[in-house]
Amino acid sequence: MPLTICTWNINSVRIRLDIVRAAVEQLRPDVLCLQETKCQDDKFPLNAIRDMGFPHIALNGQKGWHGVATFSRRPFVKVEKGDFCGKGDARHIAVTLAPEAALGKPLTVHNFYVPAGGDIPDPELNPKFAHKLAFLDELTAWAPLLRDAGDADSHAVLVGDLNIAPLETDVWNHKQLLSVVSHTPIEVDKLTTLQAAGAWVDVMRNFVPPQEKLFTWWSYRSPDHTVNDRGRRLDHVWASRTLAPSAGAMTVLKDARSWEKPSDHVPVALTFG
DNA sequence: ATGGTAGGCAACCTA
């Protein structure tokens with residue numbers, strides 16, 4: 001049986017249970033990684049998630065903002081949470097699934113919500129941008145991630161809202177967005193360095209070549225997001241070198257941006273094995 | 001060049 005992993009910045013899990021259910025029915029993921037759940041762990045709608053077919057739930061939430069959660073049809077053998085920049089922010093959770101027939105090795109799924117970085121792309125003037133850059137530096141040297149990326153005896157995936165659109169075709173207008181946080185050269189450089197440190201493969205781009213535009217996010221601050229298609233690819237799926245060749249299909253569920261009470265991000269699903 | 005919308009949570013903060 002192949003294994004489908006889905007990532008989605010949901011922008012509050014509690015007010016979007018209906019569209020989470022709709023996405024699950026459409027994509028049938030085995031593992032669903034959410035970001036910006038904006039929900040404390042003791043307030044999480046566990047029963048609704050179990051009813052969607054995910055008996056196994058790993059949470060890293062906090063009150064009011066951030067928060068990540070990973071749901072699975074198969075049990076976890078390990079759960080790990082990272083704390084970056086010493087802020088206690090809920091921006092990461094990793095789960096490990098036991099070996100399964102198609103992939104043959106344990107699989108670790110890292111689910112990240114990278115700081116957005118505010119509006120001003122200058123770390124001297126904007127502490128939120130400084131935090132984003134420091135977060136990326138810290139991740140690049142983070143031993144658990146390097147360990148999982150390079151482990152020959154297990155597979156690894158890194159997914160989430162990385163809040164950076166690295167390629168020229170990951171934004172609607174490269175030149176116009178060069179000084180807009182999410183596409184500045186310094187962020188792109190740090191993301192590329194992080195990717196190289198683990199030899200991660202940007203598997204979404206195995207399915208849509210780098211010459212073609214590919215977006216996962218469209219701003220709320222536009223009356224109609226379909227006009228001029230002014231999107232960005234902020235959400236990513238990276239696979240370890242050993243796993244990447246078994247990536248068999250990708251879906252970016254763009255329709256979800258037009259659903260009732262949408263998130264500004266859409267789900268991305270990758271099938272392995 | 002600016003401001004536009006959305007969510008949490010009860011002031012404005014964040015995206």
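So that the names make sense, note that chain A is the first sequence line, chain B the second, and so on, each numbered from 1.
Separating the CD atom of A/Q62 from the P atom of B/dG8 is a distance of 14 Å, rounded to the nearest angstrom. B/dA15 atom C1' lies 13 Å from atom CG of A/N126, rounded to whole Å. Rounded to whole Å, atom P of B/dC13 lies 14 Å from atom NE2 of A/H66. Between the NZ atom of A/K87 and the C1' atom of B/dT14 there is a distance of 13 Å, given to the nearest Å. One can place CG of A/N11 at 15 Å from P of B/dT5, the figure rounded to the nearest angstrom. In this structure, the CD atom of A/E260 is 16 Å from the C1' atom of B/dT5, given to the nearest Å. As rounded to whole Å, 10 Å separates atom P of B/dG8 from atom CD of A/E36. Rounded to whole angstrom, the span from the CD1 atom of A/I10 across to the P atom of B/dG8 amounts to 11 Å.
The two residues A/P115 and A/H131 have their closest heavy-atom pair at CG-CE1, 3.5 Å. The minimum heavy-atom distance between A/W65 and A/K38, with the atom names listed, is CA-CG, 3.9 Å.
Heavy-atom contacts from other residues, nucleotides or ligands closer than 6.0 Å to CD of A/E168 number 12 or fewer.
Nucleotides B/dA15 and B/dG4 are separated by 13 Å at their C1' atoms, to the nearest Å. A distance of about 22 Å separates the P atoms of B/dG3 and B/dG7, rounded to the whole Å. If you take atom P in B/dC9 and the same atom in B/dC13, they sit 16 Å apart, rounded to whole Å. A distance of about 23 Å separates the P atoms of B/dA6 and B/dT2, rounded to the whole Å.
One finds a side-chain N or O of A/K261 lying less than 4.0 angstrom from the OP1 or OP2 phosphate oxygen of B/dG7.
Taking only side-chain atoms of A/R16, from C-beta outward, the nucleotide of B/dG8, B/dA15, B/dA6 with the closest atom is B/dA6. Side chain of A/K63, nearest nucleotide from B/dA10, B/dA15, B/dG8: B/dA10.
Using cut-offs of 30° and 60° for the angle between ring planes, the A/F135 and A/F112 rings count as perpendicular.
When each of A/H66, A/E36, A/Q62 is paired with A/R91, the side-chain hydrogen bond (donor to acceptor under 3.5 Å, both in side chains) condition holds for A/H66 and for no other. In summary, of the residues considered (A/N111, A/D161, A/N11, A/N9), a side-chain hydrogen bond (donor to acceptor under 3.5 Å, both in side chains) with A/Q35 occurs for A/N111 alone.
Each of A/Q40 and A/G117 was matched to the nucleotide of DNA chain B holding its nearest heavy atom; the match closer to the 5' end belongs to A/Q40. In this structure, A/N9 and A/G64 both approach DNA chain B, and ranking their closest nucleotides by distance from the 5' end singles out A/G64.
DNA chain B lies under 4.0 Å from at least one heavy atom of each of the following residues of residues 216-226 of chain A: A/Y220, A/R221.
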Run the ring-ring contact (aromatic ring centres under 6.0 Å, His included) test on A/H92 and A/W142 for me, step by step, so that the C-alpha distance in whole Å, both residues' side-chain angles and the decisive distance to 0.1 Å come before the verdict. CA-CA 12 Å; A/H92 169 265; A/W142 194 46; 5.1 Å; yes
